[in-house]
Amino acid sequence: MPLAKLPRAAVRSFATSSARLGSLSATAQSRAEKISQDKTQTYIDVCDPATQTVLTKVLETTSSEFEQAVEAAGQAFKTWSRTSVLTRQRFVTDLQHQLRQNNEAIANSIVLEQGKTYADAQGDLLRGLQVVETACNIPTALLGDTSEVSKDMDTYVRRLPLGVCASIAPFNFPAMIPLWTIPVALATGNTLVLKPSERDPGAAMMIAELCQRAGLPAGVLNVVHGTVPTVNAICDHPSIKAVSFVGGDRAGKHIYERGRATGKRVQANLGAKNHAVLMPDANKNHALNSILGAAFGAAGQRCMAISVAVLVGNAQSWLPELVERAQKLKVIKALSKGQTCIGPVISPAAKQPEEEGGMIVLDGRGYDVPGYPDGNWVGPTIIEAITTMRCYREEIFGPVLIVIRADTLDDALAIVNENKYGNGTAIFTQSGATARKYEREVEVGQVGINVPIPVPLPMFSWSGNKASFLGDVPFYGRGGIDFYTQNKTTTALWKAEDAIGNKASVDMPTHH
């Protein structure tokens, strides 16, 4: 089946990335080779983080290609927005089937380009797939309200799509984040311009073709590539009505301010410093294992990673065992499905050591993996610190766990609440009263009780707060429906006496 009518730069990138994975599209390479006009001169290498091998090259979308993408989305909106909700439901239903059929190819792309273990790459896709499956309920989600507000007078509310929307995805979840936006934006009747990370675009390109296989018409989903110029074009284009972004503080603030300046809706997930509070009555084995997985899984490159462990009271004595268990974690390139280990960080720059402050009790810098001398390796790192230190205040985004000591639960609460971020937190305890007090008083949007990474399933909405989120409406769930739709309220008067065939009345009218 041929590729969808994506911008040419997107087609070329997909051709190179899919060819080495068994190719979702047998004709992609031959079609890409025929493209000769308006070629960009800017190439971005996509490298295997474990070897620095160049896997493919992303051709940065030119300004004319970007205009073509937005124009295609605008034209497609005229028909896609008028397509019945049952047709759009059928699309997302077919998309989830296509994603399941091709999950291995997408996971392999993530392993190669992003460096995740195979199991973690499967989880990346699965969490996005859950959003697709929830979007299959779109007819119910779009139900409006109706009331007879006066005699023969009705007011009803409909949810209508916004128009052309855009999604800017990060490198750390190359499948999940595009799937946070694609099914919700398209099922509600919008069209979408997607910019995946230039570091690992393969998964997004595969998802784009699977959307076509699921019956999506040309122009409804358009993929563009690039760096700051492409992002700025998204923020500035007057035809784009809304922007979704997940990533770091600097980029997120820039996109929010620039997008809002042109009247766009913007939802932006930013940085995080997620705390896990370990109470002395917690299940020690469960708590320590949970912290290790949440801190060092995906090489710590998750916005919901536990990056701070607050050891309360006697739980401070668990630090040596926490270090001992972390030392046993394997850092290696995962070549098979059954291996449990930590992969590389995304780039050589991400592994550079910095003077962060604190006492390093486990040093993962300079980690050597036999057979992969050029890999971006950082071993599990644990730093004991205090809250004034830079290593505590700033997001590190790597396999680094900061340990803070606290005497009481109240002290732990004060530490968490004084931090500027509010993405997620967790508490480990066997006391219901302790858990309830923490959940009630902590000023963080997503709370786990004996759960280390409390990311809500997509029937709920993302609820990070404080400096971790900019915007008024969150991702997926009910929030996602609200973000991608606008209400239209109509009040209609149809007098019963005006119905054809009624008898005339000579009574004085008494109603309004």
Quick check: does any side chain N or O of [X] sit under 3.5 Å from a backbone N or O of [Y], one acting as donor and the other as acceptor?
X    : Y    : answer
N222 : G219 : yes
N190 : A185 : yes
K273 : V308 : no
N172 : Q301 : yes
T191 : A73  : yes
N423 : G271 : no
Q267 : P474 : yes
N102 : Q98  : yes
D200 : Q114 : no
Q446 : W462 : no

Answer yes or no: is there a side-chain heavy-atom contact under 4.5 Å between [X] and [Y]?
X    : Y    : answer
R82  : F77  : no
Q89  : L142 : no
L129 : R100 : yes
V447 : P454 : no
K330 : I342 : no
I481 : Y476 : no
H225 : E60  : no
S167 : I182 : no

What is the minimum heavy-atom distance between [X] and [Y], and which atoms define it?
X    : Y    : value
L112 : P49  : O-CD, 3.4 Å
V46  : R199 : CG1-O, 3.2 Å
V331 : P380 : CG2-CD, 3.8 Å
A107 : Y118 : CB-CE1, 3.8 Å
I106 : A175 : CG2-CB, 4.3 Å
C47  : V54  : SG-CG2, 4.0 Å

Query raised in the report: After noting the C-alpha distance and the side-chain angles of D368 and W377, does the key distance pass the side-chain contact (heavy atoms from CB on, under 4.5 Å) rule?
Result: CA-CA 7 Å; D368 179 50; W377 306 110; over 6 Å; no
**Report entry** side chain to side chain contact (heavy atoms under 4.5 Å, CB included) partner of I306, the single match among T425, L401, I402, L292
**Finding:**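 Single side chain to side chain contact (heavy atoms under 4.5 Å, CB included) partner of I306 among T425, L401, I402, L292: L401.
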Interatomic distance, [X] atom [atom1] to [Y] atom [atom2] [nearest 0.5 angstrom]:
X    : Y    : atom1 : atom2 : value
I346 : E113 : CD1   : CD    : 9.0 Å
Q486 : K488 : CD    : NZ    : 8.0 Å
R260 : L470 : CZ    : CG    : 10.5 Å
C136 : Q96  : SG    : CD    : 5.5 Å
N269 : C303 : CG    : SG    : 6.0 Å
D48  : Y372 : CG    : OH    : 8.0 Å

Report task. Is it possible for you to check whether K116 lies under 6.0 Å from the centre of the six-membered ring of F173, through NZ or CZ, and within 45° of that ring's axis? Result -> yes
**Report entry** Derivation of the side chain to side chain donor-acceptor pair (under 3.5 Å) call for Y484 and T181
**Finding:** CA-CA 9 Å; Y484 284 112; T181 55; 4.8 Å; no
Distance alone, cut at 3.5 Å: any donor-acceptor contact between the side chains of [X] and [Y]?
X    : Y    : answer
Q122 : N103 : yes
Y421 : D249 : yes
N376 : Q52  : yes
R325 : N289 : yes
K466 : S468 : no

Query raised in the report: Looking at R302 and D120, does any basic side-chain N land under 4.0 Å from a carboxylate oxygen?
Result: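 Salt bridge flag = yes for D120 with R302.
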Requested in this report: Under the side-chain contact (heavy atoms from CB on, under 4.5 Å) rule, what do V246 and I177 come out as? Steps first, then yes or no, please.
Outcome: CA-CA 8 Å; V246 176; I177 301 303; 3.8 Å; yes
Requested in this report: Could you check E198 against K57 for salt bridge (Lys or Arg N to Asp or Glu O under 4.0 Å), going step by step and ending with a plain yes or no?
Outcome: CA-CA 9 Å; E198 67 280 5; K57 291 179 180 291; over 6 Å; no
Query - Audit row: D472, R265, salt bridge (Lys or Arg N to Asp or Glu O under 4.0 Å) steps and yes/no - result: CA-CA 9 Å; D472 299 320; R265 289 186 183 181; over 6 Å; no
Query raised in the report: Please walk me through it: do L186 and L192 pass side-chain contact (heavy atoms from CB on, under 4.5 Å)?
Result: CA-CA 7 Å; L186 302 189; L192 189 68; 3.9 Å; yes
Query raised in the report: Counting only heavy atoms not in F460, do more than 12 fall under 6.0 Å of its CZ?
Result: no
Report task. Could you give me the CA-CA distance, side-chain angles and deciding distance for W80 and L216, then say whether side-chain contact (heavy atoms from CB on, under 4.5 Å) is met? Result -> CA-CA 9 Å; W80 181 248; L216 193 68; 3.8 Å; yes
